[in-house]
Amino acid sequence: MGTVPAWQLRAAFARRLSDMYGSEVPAYTTLLAAVAEINEDVSRGDGAAGRLGGIERVAAERHGAIRVGTARELRQVAAIFGAMGMHPVDFYDLREASSSSVPVVSTAFRPIEAAELARNPFRVFTSLLTTADRRYFDPDLRDRLEAFLARRELFPAELTELAERGEREGGLAPEPAERFLTLAVDAFRLSATPIDRAWYEELARVSAVAADIGGVSGTHINHLTPRVLDIDRLYREMQRRGITMIDAIQGPPRWDGPDVLLRQTSFRALEEKRHFRRADGGTETATLRVRFGEVEARGIALTATGRALYDDLMAETDRRAGGAAAADRAEIARALWTARFPHTERELALNAQAFFTYRAVAADRRPADRHPPADLAGQLDQGWIDAEPIVYEDFLPRSAAGIFQSNLTDAGTRDAARSGAHYDRRWLSEVIERPVHDPVDLYGAQRDASLAEARAALGLPPSAPG
């Protein structure tokens, strides 16, 4: 009897979660169909599409999003995803990225090695409620909220035990693997347990996100996101199919230069029937808007220098656009990018503004009777090495907050006169008892290793771009 390795658990979990979510949210199935059509069409007509991941990887790619309420719940989530070869990467503070009340900090669980990402790049954006932040929760509400969260059990003990075994042993035998997958998918299914209406509404006055986390007995997949090769076309196609989209695509503008970082959009959260428990003990049915359908287009990962330029351009867009309509804002952003952002992958590589994997070209394709130059520009221009862009595997806090905010029906409340609570990557790492990786370090290590290997193949000493 063999072992089901972590990557196969991850791939199977992603498929089953997608099937479950599609059965519960029919508009998600519509989204998948539109994405598949566009990806197939783009991949047939654009030979460059495969530079950011082949069509097989793109077709299988998903990221999910969940929300939890306590450090204990987050540690349990870390173990479940750890059994699937997924590690916490980066720290996102959505409290400061949104004008609405979004009292959460987040990380993303994903594979961190290039080979594992190529096998299956499933990611789960995981948000934790910041109950210690007094701008949202006064002492009385915080005490009652934390007591409520402490009483609930999101994940059965059998699931966490199997997760810990799978992580420790690098996989599970077939029978426990099947049990683990069944329990894991069920843990993220929308609960049918009646919701205490008064309690939910009290939290919702602070934040709809807080109510979705702390006002219910379980957690659930909030959205499940496929990857599309032309997100602008997808946006139009979903509207043509009668699906209401949010007002804009989040992230960099569409322009004539390289695709970088991440662009995201979604259809609006749907009205779904839920059971509520009244103060008199009776139950009733009403609707909530919680789950929505997100879609993403991924580009090249940027270095700290490239990211600083991106942030500067986004800030300048804000200053110039003010309260402009989405279409006008997009035009302003596009003009700024055309004027100031590098127009080619070569510029991004030579300016050390984006991450690439470098490979020495085959010996029979190298320049004859010449020696390779020492500098990267010469090696690229003379045909000694090839540069392949590294896909951005992570998230943008402003874009994530923009998606959250676009799907809220109420901005909630936040008392700016009170001081907020401090959360950061170090705190998060201590809470979940494992390192939270810096994505720039991961991309940089991949770049540097590939460049050293390419230079060695050319008989040059190891080196790395500045």
Side-chain angles (χ1 to χ4, degrees), residues 9-10 13-22 24-25 28 61-94 102-111 121-131 149 152-156 159-160 163 180-191 193 203 207-226 264 266 269 272 288-294 296 394-395 397 399-401 403-404 407-408 428 431-432 434 436:
L9 291 174
R10 181 170 70 251
F13 178 72
R15 287 193 302 271
R16 295 186 190 196
L17 202 64
S18 185
D19 290 344
M20 180 269 284
Y21 195 69
E24 294 187 342
V25 184
Y28 171 72
E61 199 159 341
R62 299 284 187 277
H63 95 245
I66 62 169
R67 300 162 176 172
V68 296
T70 68
R72 176 173 176 264
E73 291 172 353
L74 187 59
R75 282 193 296 273
Q76 291 173 323
V77 162
I80 293 167
F81 295 139
M84 304 180 204
M86 299 160 67
H87 308 267
V89 178
D90 216 348
F91 172 84
Y92 306 92
D93 194 336
L94 271 60
V102 183
V104 299
V105 295
S106 311
T107 189
F109 291 91
R110 68 167 178 86
F122 184 58
R123 319 164 185 84
V124 180
F125 191 82
T126 303
S127 298
L128 173 69
L129 191 61
T130 54
T131 57
L149 294 170
R152 74 180 185 184
E153 287 290 339
L154 296 185
F155 309 106
L159 173 59
T160 56
F180 169 77
L181 290 168
T182 298
L183 290 171
V185 172
D186 284 346
F188 298 110
R189 195 183 300 275
L190 192 67
S191 173
T193 303
L203 290 175
S207 166
V209 174
D212 183 51
I213 300 171
V216 296
S217 61
T219 188
H220 57 264
I221 283 289
N222 179 262
H223 60 263
L224 199 57
T225 303
Q264 298 172 279
S266 80
E272 299 180 271
L288 290 179
R289 290 181 179 269
V290 174
R291 299 190 295 182
F292 50 91
E294 190 177 86
E296 65 189 17
D394 298 289
F395 299 90
S399 293
I403 296 284
F404 277 33
N407 279 289
L408 298 178
L428 183 64
V431 162
I432 60 178
R434 59 191 72 206
V436 177

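- Scanning for side chain to side chain contact (heavy atoms under 4.5 Å, CB included) contacts around Thr70 gives Arg72, Glu73, Leu149, with sequence neighbours left out.
- A distance-only check finds a donor-acceptor pair linking the side chain of Thr219 to the backbone of Arg67 [under 3.5 Å].
- Between the side chains of Ser266 and Glu294, no donor-acceptor pair is found at a separation under 3.5 Å.
- Under the salt bridge (Lys or Arg N to Asp or Glu O under 4.0 Å) criterion, Asp19 pairs with no residue at all, not counting sequence neighbours.
- Donor-acceptor pairing under 3.5 Å is lacking for the side chains of Tyr92 and Ser127.
- Taking all atoms of both residues into account, the shortest heavy-atom contact from Ile432 to Arg75 is CA-CG, 3.6 Å.
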Checklist entry - Going through the checks in order, is the side-chain contact (heavy atoms from CB on, under 4.5 Å) test met by Asp90 and Val436? => result CA-CA 6 Å; Asp90 216 348; Val436 177; 5.6 Å; no
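- Tyr21 places a side-chain N or O within 3.5 Å of a backbone atom of Asn222 that can act as its donor or acceptor partner.
- Shortest non-hydrogen contact noted between Pro121 and Glu61 is CG-CG, 3.6 Å.
- Here the closest heavy-atom approach between residue Ala79 and residue Ala163 is recorded as O-CB, 3.5 Å.
- Note that the CZ atom of Arg123 and the CZ atom of Phe125 stand 12.5 Å from one another [nearest 0.5 Å].
- The minimum heavy-atom distance linking Leu224 with Tyr28 is given by the pair O-CE1, 3.1 Å.
- Put simply, the side chain of Thr126 gets close to the backbone of Val124: a donor and an acceptor are under 3.5 Å apart.
- Here the options are Gln264, His63, Arg62, the test is side chain to side chain donor-acceptor pair (under 3.5 Å), and the partner is Glu296; only His63 passes.
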Checklist entry - Stepwise, does the side-chain contact (heavy atoms from CB on, under 4.5 Å) test hold for Val89 with Phe109? => result CA-CA 6 Å; Val89 178; Phe109 291 91; over 6 Å; no
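- Summarising the geometry of Phe122 relative to Gly64, their closest heavy-atom pair is CE1-N, 4.1 Å, with the distance given to 0.1 Å.
- Between Phe180 and Ile80 the shortest heavy-atom distance is CZ-O, 3.7 Å.
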Next on the checklist: As a quick check of understanding, evaluate side-chain contact (heavy atoms from CB on, under 4.5 Å) for Val77 and Val68, giving each step before the final call.
Outcome noted: CA-CA 9 Å; Val77 162; Val68 296; 4.0 Å; yes
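- In terms of modelled atom types and a separation under 3.5 Å, the side chain of Arg10 and the main chain of Met84 share a donor-acceptor contact.
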